[in-house]
Number of protein chains: 2
Amino acid sequence: MDDGGSRVTRGKVTIRTVAEHAGVSVAAVSKVLRNAYGVSDALRQNVMESIETLGYRPSAAARGMRGRTFTVGILLVEIGNPFLPEVVEGINDILAPSEFKSLMGMGRSHMPVETSLIEQMIDFHMDGLILVAPRMSGAVLDRYARQIPIAVIGHHEATAAQFDTINSDDQCGALLATEALLAAGHRDIVMLSQAYAPDSSHAVAGQREIGYQLAMQRAGLPGRIVAMPYDGDSVPHHLRQFLEQTPRPRAVFCWSDLFAVDLVNIARAMGLRVPEDLAVIGYDNNPLAALPLVDLSSIDQGGRRLGALAAETLLSRMDGRNAPHHILLEPSLVRRTSG
Amino acid sequence: MDDGGSRVTRGKVTIRTVAEHAGVSVAAVSKVLRNAYGVSDALRQNVMESIETLGYRPSAAARGMRGRTFTVGILLVEIGNPFLPEVVEGINDILAPSEFKSLMGMGRSHMPVETSLIEQMIDFHMDGLILVAPRMSGAVLDRYARQIPIAVIGHHEATAAQFDTINSDDQCGALLATEALLAAGHRDIVMLSQAYAPDSSHAVAGQREIGYQLAMQRAGLPGRIVAMPYDGDSVPHHLRQFLEQTPRPRAVFCWSDLFAVDLVNIARAMGLRVPEDLAVIGYDNNPLAALPLVDLSSIDQGGRRLGALAAETLLSRMDGRNAPHHILLEPSLVRRTSG
DNA sequence: CGTTCTACGTAGAACGGTGCACACGATTCC
DNA sequence: GGAATCGTGTGCACCGTTCTACGTAGAACG
């Protein structure tokens, strides 16, 4: 008959409490916890029972000081993009059945915030990191990767030696989209891209620009890329301006649905028919593209699969692998009525 | 598996390294780090310089064992709702200039995941928690709140003694929405609500139902509430069914834009005119409501302000306050063309 | 029957900080 | 002029784990 009531809150239950309750040494309990070699079934059973009755949970903070924390950090650049939840779910699909948990940080599209978040995760002694479309350069990533296993999504750098990369083939995706517009008979195809820092050759937008240019070149047409800043509220304004120019382009390939969904909306609100007056193909196939009133054709890069693969890759790296893995996934075009 | 030769710990700079470099005791460095009492300007200066040149960062894991980690955990029920990013940004608005950082966990709409995430954050010795619309009951929250300061958003329980709550006045918001529909001459107003667990009187959906019923009652009309499960992909199907019933309601108040945006889309796709054939008012004023093609009237609860207030409240509680604070914010109606 | 294995369990030193108790010289007080 | 006070810095015992080295009993071996 155990003392009813306030045992959980009263005295903090540590590994020592468990050891005493089970009548064994602290080290023995630790061994059970870690599935370490050298514990008899009887001991394991005994300890497990004590853990159960006491409601013991090992302290991740203390664990981190010598061993693993069984936690991986996920760094999101910004949380607003509806494409990201898919990636996170993919990661958790893999992590959930494993012994690892995840904790996320939000970069707020600001590089100093990103780096400080990574450092914070390192300081918490997390076991590995998954970065999603980080702003920082490969050199910076390299430095961190020397301290902690890292898998990166949305950062093209297939020669990186210290970390793994998992990407959709953005060149191929852009090629697919542009070719679809070409096949529909369009020649006047503009790409709406995102302005990115000059030193970021790893950026997905840049890769998509290459794919677009390649398709145009193959068709013997001149490409035209319009770069827009992505800073929240000004986007609709810029898009409206874009549509008011004369002559207005007849077909647009958008680097992201973040722009494309708004573009279709604004175009229709201005009285333009989509796709008759303006054909649009976006990128990411985010949930909004599927809304009946939007019905946007888009490149699907399989966010969930991207996340799952990143998690698997990280897991294997945390398991001791040192040779870098660089994975490239085939995207696909989801045809809807917009273009 | 670890290679024996090249140590990863190659030149790890700890508080001891700093102490040696500055020619002072470890305790002195610790004092500087914590802004503790009893350090001269000369010492502080000296230590600071060493920290700078060595690039030292204190280990959050080690810190957590006795002191604070200067980290607050944010628990998100699910990451898909576009309303949540606003809340998170509000939190970070307040946290960024403070000495605290944040780390997020994702509940995946599954209660066991939520609780395990909270426990994980406790195990990391975080200093405080902000929970956004948690599924769990007040009793469970109470138990956790005894172990760590907690501020909760989107959980109505104004009598909770152990934790703070920050809410929008959901009854008032629903009243506003329903009265707007009544004022437009509608009498046949249905509320589309979310199915929630029977023991969750704290749920925002429940509060909104009360507000709706109140408005209908005041108008001398019978209310009708239709509850739908929110489990991802089945929503459009249910909404379509809802619109195919005869007689079809003329006006709908939706507990969330999560439903309302889809509802407007499906209705228009079915050839219904909004608002002439079907008036709709949603809740949350999420970014999609503002899309020109959707143009959904919605109740704005000021997510950013909600987040900011939660962070401030938590900060003050972590500072030693014990008396619970319960904050209720006035929502407002954002009129667009849908209803 | 003594010796070597093998399997199981334990003691105690890390890990990187915090925070209390205290030492110690310089003021201030009576 | 001795005691009390104050401002600064230090020593050391924690915090809750992991991990290495070692002890010990029983089995297998020659």
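Within every chain, numbering begins at 1; the chains are lettered A, B, ... in the order of the sequence lines, protein sequences first and strands thereafter.
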>> Please verify the inter-ring angle class for B:His155 with B:His202; under 30° counts as parallel, over 60° as perpendicular, anything in between as tilted.
In response: parallel
>> If we ignore hydrogens and angles and just use 3.5 Å, is the side chain of B:Asp93 paired with the main-chain N or O of B:Ala308 as donor and acceptor?
In response: no
> Looking at DNA chain C, which of residues 58-67 of chain A put a heavy atom within less than 4.0 Å of it?
Replying inline: A:Met65, A:Arg66
>> I'd like to know if the side chain of B:Arg34 reaches the main chain of B:Ser30, judged simply by a donor and an acceptor atom lying under 3.5 Å from each other, with no hydrogens or angles considered.
In response: yes
> Rounded to whole angstroms, how far apart are OH on B:Tyr56 and P on C:dG16?
Replying inline: 10 Å
> Within the distance-only criterion (no hydrogens, no angle test), does the side chain of A:Thr53 pair as donor or acceptor with the backbone N or O of A:Glu49 below 3.5 angstrom?
Replying inline: yes
> Between which nucleotides of DNA chain D, 5' to 3', does chain B make heavy-atom contacts below 4.0 Å?
Replying inline: D:dG7 to D:dG16
>> Please check this pair: side chain of A:Glu157 against backbone of A:Thr165, looking for a donor-acceptor N/O pair closer than 3.5 Å.
In response: no
> Less than 4.0 Å between a side-chain N and a carboxylate O, is that true for A:Glu86 and A:Arg304?
Replying inline: no
> Atom CD1 of A:Ile122 and atom C1' of C:dG16: how far apart are they, to the nearest Å?
Replying inline: 16 Å
>> What is the separation between atom CG on A:Asp123 and atom P on C:dG16, rounded to the nearest whole Å?
In response: 12 Å
>> Would the distance check show the side chain of B:Ser316 and the main-chain N or O of B:Leu314 forming a donor-acceptor pair, the cut-off being under 3.5 Å?
In response: no
> With no hydrogens and no angle check, is any side-chain donor or acceptor of A:Thr69 less than 3.5 Å from a backbone partner on A:Gly64?
Replying inline: no
>> Students often get this wrong, so: under 4.0 angstrom with heavy atoms, is A:Arg57 touching a base, only sugar-phosphate, or nothing?
In response: sugar-phosphate
> Which whole-number value in Å describes the distance from B:His125 NE2 to C:dG16 P?
Replying inline: 17 Å
> Does any nucleotide pair with D:dC14 by Watson-Crick or G-U wobble geometry, both distances under 3.5 Å, and what is it?
Replying inline: C:dG17
>> Mind checking if A:Tyr37 touches a base, just sugar-phosphate, or nothing, with heavy atoms under 4.0 Å?
In response: sugar-phosphate
>> With no hydrogens and no angle check, just 3.5 Å: does a side-chain donor-acceptor pair link B:Ser102 and B:Asn92?
In response: yes
> Contacts to DNA chain C from residues 13-30 of chain B, heavy-atom cutoff under 4.0 Å, which residues?
Replying inline: B:Thr14, B:Ile15, B:Arg16, B:Val26, B:Ala27, B:Ser30
>> Whether the side chain of B:Asp127 engages the backbone of B:Arg68 through a donor-acceptor N/O pair (distance < 3.5 Å, no angle test) should be reported.
In response: no
>> Assess whether a salt bridge exists between A:Arg321 and A:Asp164, defined as any Lys/Arg side-chain N lying under 4.0 Å from an Asp/Glu carboxylate O.
In response: yes
> Using purine N1 to pyrimidine N3 plus N6-O4 or O6-N4 for Watson-Crick, or N1-O2 and O6-N3 for G-U wobble, each under 3.5 Å, what pairs with D:dC29?
Replying inline: C:dG2
